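To keep things clear, I will list the structure first and then write my remarks on it.
One-based numbering, in listed order, for ligands and for the atoms of each. The residues of the chain are indexed from 1 along the displayed sequence. Source: prediction; values computed, not measured.
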Amino acid sequence: MDKIKAGVLGATGAVGQRFVQLLADHPYFEITVLAASDRSAGKTYREAANWILPQPMPAQVMEMEVQPISTHLDCAVVFSALPTAQAREWEAQFAAAGYAVFSNAGAHRMDEDVPLLIPEVNPDHLNLLPTQQANRGWDKGFIVTNPNCTSMPMTMALAPLHARFGVEAVIATSMQALSGAGYPGVPSLDAIDNILPFVAESEEVKMNIEPNKMLGTSTAAGVTPAGIRISAHCNRVPVSDGHLVTVSVKFRQKPSLEDILAAWREWHPLPQQLNLPTAPQPALVVREEQNRPQPRLDRDAGGGMATSIGRLRPCEVLDVRFVCLAHNTIRGAAGGSVLNAELMMAQGMLEQFK
Ligand code: NAP
């Protein structure tokens with residue numbers, strides 16, 4: 001198979017490095033461009049990136065020269081790990097110039113004509129793309145986004161339950177890893193021996209609106225949100241990687257705990273059916289132990305792409321409660337975006353970019 005030329009925007013950062021790792025030996029994509037700020041441009045990737053992953057930097061990128069961000073890059077697809085402000089400035093320009101843009105940033109997630117995609121949850125939301133291109137006058141390029149790293153595990157856990165029983169209300173408390181703030185991220189004197197009960201002004205808003213968009217109904221005209229009331233409490237905790245979320249749920253039709261376990265265990269969504277290269281098998285890992293999932297033990301499940309769930313039990317206030325967890329820089333960021341691209345490739349939607 002001819003590989004598609006791929007660029008990573010924000011390639012030197014925490015998420016950019018994950019992109020580099022996931023794309024280095026990818027069967028569909030070949031990294032031809034690494035781009036970052038003017039601070040890094042002109043340096044080799046080895047010089048520019050303060051490599052923070054435990055696995056070694058892939059040999060083929062070490063001597064690549066980091067490019068400044070521009071719409072004249074030698075690639076057809078870009079994976080964006082830019083900060084939100086730069087994503088807002090650049091991503092639409094890339095799409096207008098004919099690139100396929102797979103973005104991690106928050107800049108366009110809630111645009112009415114932009115798919116906010118988890119391939120297991122709402123692959124049909126790709127039906128927004130013709131409208132997006134018509135609205136914006138783009139003949140080839142487009143933007144597809146993936147959700148915030150905390151919305152992601154909760155939405156994965158809720159998706160099969162919402163389909164069977166209808167989710168009415170949710171109270172969720174996140175315990176978010178330090179790498180969620182990028183590198184160098186949270187100052188050590190704020191993080192060590194501490195919990196920060198504030199992540200960012202927009203974090204709890206994202207936890208409210210993003211799951212509703214993804215679990216909503218999409219037509220070419222736009223998405224009707226799912227209408228779930230969500231109360232989110234977001235906290236930063238001294239964990240390196242892995243966002244854990246405790247979730248209490250109220251349903252329209254009241255399932256038993258066995259019904260819920262069956263819904264999770266029987267879920268075999270599209271990326272798993274298609275056996276996409278980065279799709280975890282299974283998508284949801286249901287833990288039986290009382291004390292799981294835990295970030296250190298469970299974040300790497302399914303190569304960091306699986307969502308782990310456990311501690312399902314009744315809730316005295318709503319109906320049930322449970323704990324879910326995913327790796328924030330893999331499934332919650334770069335891996336989510338790569339899976340979006342794999343889905344479009346498998347569906348023949350990237351033929352023009354070969
Ligand atoms: P990060 O570690 O701070 O990395 C930021 C990257 O963007 C670096 O490559 C940096 O390049 C580049 N950059 C900064 N300013 C730039 C500019 N003015 N022009 C061009 N490039 C610039 O951040 P991150 O955690 O990887 O986050 C990247 C994006 O992913 C953000 O939008 C974030 O919200 C989103 N996200 C992050 C996570 C997570 O868990 N960390 C999860 C989901 C989504 P230099 O090295 O040259 O400065």
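Ranking the protein heavy atoms by distance from atom 48 (O) of ligand 1 puts R39 NH2, 2.8 Å first. Taking atom 3 (O) of ligand 1 as the reference point, the nearest protein heavy-atom neighbour is Y183 O, 3.9 Å. Atom 38 (C) of ligand 1 has V15 CG2, 3.6 Å as its closest protein atom, hydrogens excluded (heavy atom only). For atom 17 (C) of ligand 1, the nearest protein heavy atom (residue, atom name, distance) is Q86 CG, 3.3 Å. Taking atom 21 (N) of ligand 1 as the reference point, the nearest protein heavy-atom neighbour is S37 N, 3.3 Å. Of all protein heavy atoms, the one lying nearest to atom 43 (C) of ligand 1 is G332 O, 3.4 Å. Nearest non-hydrogen protein atom to atom 29 (C) of ligand 1 is L82 O, 3.3 Å. Atom 4 (O) of ligand 1 has G13 CA, 3.2 Å as its closest protein atom, hydrogens excluded (heavy atom only).
T145 is not listed as a side-chain neighbour of P115, based on a closest heavy-atom distance of 4.5 Å or more. When side chains are defined from C-beta on, L196 does not count as touching N235, because their heavy atoms never get closer than 4.5 Å. Side chains of S103 and V144 form no contact here, defined as non-hydrogen atoms less than 4.5 Å apart.
Judged by distance alone, the side chains of S308 and R287 never bring a donor and an acceptor atom under 3.5 Å apart.
Considering each of S337, G182, S103, the one bringing a non-hydrogen atom nearest atom 23 (O) of ligand 1 is G182. The option from T84, T12, L9 that lies nearest to atom 46 (O) of ligand 1, judged by heavy atoms, is T12.
Taking H26 as the reference, Y28, F29 meet the ring-ring contact (aromatic ring centres under 6.0 Å, His included) condition, with sequence neighbours excluded.
Contact atoms of ligand 1 toward A11: 9 (O) (distance under 4.0 Å to a heavy atom of the residue). Residue-ligand proximity, A81 to ligand 1, at heavy-atom distances under 4.0 Å covers atoms 6 (C), 7 (O), 28 (C), 29 (C). Annotation for ligand 1: atoms under 4.0 Å from non-hydrogen atoms of S40 are 45 (P), 46 (O), 47 (O). Close contacts of ligand 1 with A333, meaning ligand atoms under 4.0 Å from a residue heavy atom, involve 42 (C), 43 (C). Atoms of ligand 1 lying under 4.0 Å from at least one heavy atom of I69, given by number and element, are 20 (C). The atoms of ligand 1 that sit less than 4.0 Å from any heavy atom of N328 are 40 (O), 42 (C). For ligand 1, the atoms sitting less than 4.0 Å from at least one non-hydrogen atom of S179 are 39 (C), 40 (O), 41 (N), numbered in the order shown with element in parentheses. Close contacts of ligand 1 with N104, meaning ligand atoms under 4.0 Å from a residue heavy atom, involve 30 (O), 35 (C), 44 (C).
In this structure, K140 satisfies the cation-pi test against F353, with its NZ or CZ atom closer than 6.0 Å to the six-membered ring centre and inside 45 degrees of the ring normal.
Distance remark: protein heavy atom not present below 4.0 angstrom from atom 33 (C) of ligand 1.
Centroid-to-centroid, the aromatic rings of W90 and Y99 stay 6.0 Å apart or farther.
Annotation: Q281, atom CD; neighbour count of heavy atoms from other residues, nucleotides and ligands within 6.0 Å is above 12.
Contact check on E63 versus R46 returns a salt bridge, with a Lys/Arg side-chain nitrogen under 4.0 Å from an Asp/Glu carboxylate oxygen. Remark: R265 engages E288 in a salt bridge, criterion side-chain N to carboxylate O under 4.0 Å. We find that R88 and E91 are not joined by a salt bridge, their nearest charged nitrogen and carboxylate oxygen being 4.0 Å or further apart.
Looking only at distances, a side-chain donor or acceptor of D319 sits under 3.5 Å from a matching main-chain atom of F251. No donor-acceptor distance shorter than 3.5 angstrom exists from the side chain of H243 to the backbone of N328, with no hydrogens or angles considered.
The aromatic rings of F102 and F79 sit parallel, their planes meeting at an angle under 30°, below the 60° perpendicular limit.
Within the 4.0 Å heavy-atom shell around ligand 1 one does not find G106. Ligand 1 lies out of reach of A87, whose nearest heavy atom is not under 4.0 Å from it.
Checking only distances, G10 does come within under 3.5 Å of ligand 1, N or O to N or O. Below 3.5 Å of separation, one finds no N or O of H243 facing any N or O of ligand 1. Backbone and side-chain nitrogen or oxygen atoms of P147 are examined, and none is located within less than 3.5 angstrom of a nitrogen or oxygen of ligand 1.
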